[in-house]
Amino acid sequence: TLLGKKVDAAYFSALYTARKKFFNKTYVNPESGETTFRGKVNDTQTSYALPLAFGIIQLENVQKAADNLVATVSRENKADDETVCPPYSLMTGFIGTAWISKALSSTGHSDVAYRLLQQTSYPSWLYPVEQGATTIWERLNSYTPVNGFGGNNSMNSFNHYSFGAVGAWMYNYSLGIERDEQSPGFNHFILQPEPDPTGQMTFAKGYYDSMYGRIESSWEQNSDGCHYRFVVPANSSATLKLKALSLSDITADGKQLKSVVGGKYSGVKHGKYTFELQSGMYEIQVKKGTN
């Protein structure tokens, strides 16, 4: 559509609709939202994470599928070798690991995504760190104190990207730096950070070096609420979305953000207040109890 290829756009749109309909008819129980395979329930983290992240669950079943995903994360699970894994363990394997946090946050379960992120028992992202890892392992069980290399010696990398995919979620959801699909190259982008609702993480900060300059985002939860800092590079702009109880709870330099130079209020949806920001640096405070 962006390229003006109307015939191709119509073809792929129709194909998407048809395949989405087929997927739901074949692999989703419309009453329970459970995923199925050959008529049997296939109740795994990946079986929910992928279709939710890719937007191919029918709208009326999204909430059911999301609740089922949360259930698979918050319960004990058994690995293929019958090892019992505690609640909030990663049971996704190579493919699902990249998408599970996005699927949780996009359906309103960032609290679960943060608990999953901060788990340290096996299998989890931080388990290797607890074992002294300084690089990302190919396998969550590349090494364990109980089984050593566990027979993985023939194909086992200790400097591998696969399980580092959670880094994308940290940028897109925790820091809230996201591209605008209608504006390639980050000429215009989205800022919608989600501070940890569990309270375990009290701050986060990071940046992305775009072709227009460094985009910065940070947040720190304090006794008064949450303090945000953003940098929008020169010759670019951003749409900022912040959760709050009211517009007056969002201030910058002691003034309501909508009155600050460079910031323009554009509305509220689902408890998130939206502002259009021009290039510049912004220090913003949101009152306690609104995050």
For Y122 and L140 the tightest heavy-atom approach is CE1-O, 3.7 Å
Has D80 got more than 12 heavy atoms of other residues, nucleotides or ligands less than 6.0 Å from its CG?
no
Report yes if some heavy atom in the side chain of [X] is under 4.5 Å from a heavy atom in the side chain of [Y]; otherwise report no.
| X | Y | answer |
| --- | --- | --- |
| Y208 | S217 | no |
| L247 | Q256 | yes |
| N29 | K64 | no |

Is it true that V268 and L257 fall in one hydrophobic cluster, defined by side-chain heavy atoms closer than 4.5 Å?
yes
[X] side-chain N/O to [Y] backbone N/O, donor-acceptor pair under 3.5 Å:
| X | Y | result |
| --- | --- | --- |
| N187 | N235 | yes |
| W99 | P51 | no |
| N68 | S32 | yes |
| E138 | S157 | yes |

Return yes if a side-chain donor-acceptor contact under 3.5 Å exists between [X] and [Y], otherwise no.
| X | Y | result |
| --- | --- | --- |
| N156 | S142 | yes |
| T46 | T44 | no |
| S237 | Q278 | no |

Would you call K288 and D224 a salt bridge, using N to O less than 4.0 angstrom?
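Salt bridge: no.
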Residue among K272, K241, K243, K102 satisfying salt bridge (charged side-chain N to carboxylate O under 4.0 Å, His left out) with E194:
K272
